[in-house]
Q: 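Below is a structure I'd like to ask you about.
All ligand and atom numbering here is 1-based and tracks the order in the structure. Computed from a predicted model, the values in this text were never measured in an experiment.
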Amino acid sequence: MIVSRFAPSPTGRLHAGHAASAITAHDFARAHGGRFLLRIEDIDGTRSRPEHVAGIVEDLAWLGLRWDGPVVYQSARLELYRQALDRLRAQGLLYPCFCTRADIAASASAPHGPGGAVYPGTCRALPGDARAARMADPHAWRIDMAAAVAIAGPIDWHDSLAGNVRADPLAQGDVVLARKDAPASYHLAVTIDDAAQGVTDVVRGADLFAATDIHRLLQALLDLPSPRYHHHPLLLGPDGERLAKRSGAPSLAAMRAGGVDGAALATALRTGQRWVGFSVACA
Ligand code: GLU
């Protein structure tokens with residue numbers, strides 16, 4: 001049984017790019033007689049808002065999408081993430097990180113990987129007593145990527161458009177698996193949940209392509225099954241840039257208020273037609 005999902009973070013209203021992604025994941029499941037799940041990725045307590053959850057549900061219904069089973073909320077699954085962290089910690093693969101964003105930005109040597117600045121490893125080198133003395137301070141947990149890669153060995157994953165991909169998680173450095181303000185990070189929660197929910201096919205935007213290297217590594221370390229991946233091209237605005245709220249893409253709510261018909265928008269997105277200035281193109 002094919003299982004796909006749409007997994008938005010309720011940190012704002014959805015725009016046409018989200019709609020295209022949800023429709024792609026939905027139609028993939030339906031075309032295979034499978035299940036389509038809705039998961040709200042609300043572990044970010046500072047940016048997630050209940051009103052955005054209600055907005056997402058309303059927007060998907062307006063587009064004519066239906067999901068199977070109850071909506072799953074990551075904020076209700078923190079215990080699962082904690083267990084996974086304990087397991088990785090027991091393997092000696094995690095270390096606490098006390099750095100602030102400013103500390104990291106100030107590090108002259110911070111190289112860049114596909115996910116942005118790569119953490120320079122400052123806290124990995126902290127001696128045990130210095131670490132112990134600071135454990136009451138706010139800290140995140142990072143993965144010691146070199147150690148993790150050494151345990152996992154070479155790993156591959158498959159993308160329906162790109163084909164076989166040799167994962168290179170080391171290029172993204174010691175990413176955060178538990179944040180200072182949340183007991184998990186996106187990478188950890190998404191990996192655990194896709195496995196726990198029996199997702200067979202992850203259909204999502206090409207902006208998350210590189211993140212899959214990390215998800216695949218976590219699957220290997222935690223003995224989780226690896227789904228198939230389908231990273232679809234992003235919807236671009238008239239300026240050729242990916243749609244984003246900060247660059248002025250109208251929300252679905254605004255389109256609806258402006259008289260746009262949800263079913264017609266869904267059809268336009270499915271058929272790749274131009275729609276009020278948007279076109280589907282390869283990112
Ligand atoms: N929650 C993520 C986002 O809104 C997407 C997660 C995923 O599809 O893996 O960008």
Q: Just jot down the ligand 1 atoms closer than 4.0 angstrom to any heavy atom of Ser9, in number order.
A: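 Listed by number with element: 1 (N), 2 (C), 3 (C), 4 (O).
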
Q: Could you tell me whether ligand 1 has any atom less than 4.0 Å away from a heavy atom of Phe6?
A: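 Flag not set, Phe6 not near ligand 1.
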
Q: Hey, does the side chain of Ser4 reach the backbone of Phe36 with a donor-acceptor pair shorter than 3.5 angstrom?
A: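 No, because the side chain of Ser4 does not come within donor-acceptor range (under 3.5 Å) of the backbone of Phe36.
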
Q: Which ligand 1 atoms are under 4.0 Å away from a heavy-atom of Arg204?
A: 7 (C), 8 (O), 9 (O)

Q: When you look at Arg30 and Asp27, which way does the salt bridge (charged side-chain N to carboxylate O under 4.0 Å, His left out) test go after all the steps?
A: CA-CA 5 Å; Arg30 296 292 177 245; Asp27 289 4; over 6 Å; no

Q: Hey, do the aromatic rings of His215 and Tyr186 have their centres closer than 6.0 Å?
A: yes

Q: Which atoms from ligand 1 have a heavy atom of Val190 less than 4.0 Å away?
A: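 Here the atoms of ligand 1 in question are 9 (O).
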
Q: Are any of the N/O atoms on Ala7, whether in the backbone or the side chain, positioned under 3.5 angstrom from an N/O atom of ligand 1?
A: yes

Q: Using modelled atom types and a 3.5 Å cut-off, is there a donor and acceptor pairing between side-chain atoms of Arg131 and backbone atoms of Cys123?
A: yes

Q: So, Asp213 and Arg216, do they make that salt bridge, N to O below 4.0 Å?
A: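 So Asp213 does not pair with Arg216 through a salt bridge.
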
Q: Where do His232 and Arg204 land on the side-chain hydrogen bond (donor to acceptor under 3.5 Å, both in side chains) test, with the steps shown first?
A: CA-CA 6 Å; His232 59 74; Arg204 63 185 174 195; over 6 Å; no

Q: Mark up the atoms of ligand 1 that fall under 4.0 Å of a heavy atom belonging to Arg5, in ascending order.
A: 7 (C), 8 (O), 9 (O)

Q: Relative to ligand 1, is Val202 under 4.0 angstrom through side chain, backbone, both or neither, heavy atoms considered?
A: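 Neither part.
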
